[in-house]
Amino acid sequence: MSLENAPDEVKLAVDLIMLLENHALPAETVLKALEMVRKDFEAKLPSPLTPALSPKGRGGKAGQ
């Protein structure tokens, strides 16, 4: 499968891997940072008990 036909999450993963490898950071540092990113994005997921916040409600601009 070519990357241009890959799902968006695969394209993003490849981009992130390339970016992180170019910085030549220790694997432990990268994994700690990715854990922080994962927690941040999980917090943005709608909870089954609360309505989803719009981007504007999270401090961003509507439409982003």
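Note that the structure is predicted; figures quoted are calculated from it, not measured.
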*Would you give the length of the straight line joining atom NZ of K32 to atom CE of M36, rounded to the nearest 0.5 angstrom?*
8.0 Å
_E42: partners by salt bridge (Lys or Arg N to Asp or Glu O under 4.0 Å), with sequence neighbours left out_ = R38
*Linking I/L/V/M/F/W/Y whenever their side-chain heavy atoms sit closer than 4.5 Å, directly or via other members, would L12 and M18 fall into one cluster?*
no
*Could you tell me whether K11 and D15 have a side-chain N and a carboxylate O separated by less than 4.0 Å?*
no
*What do you reckon, is CD of E28 surrounded by more than 12 foreign heavy atoms closer than 6.0 Å?*
no
*Under the side-chain contact (heavy atoms from CB on, under 4.5 Å) test, which residues partner V30, sequence neighbours left out?*
L20, L25, L34
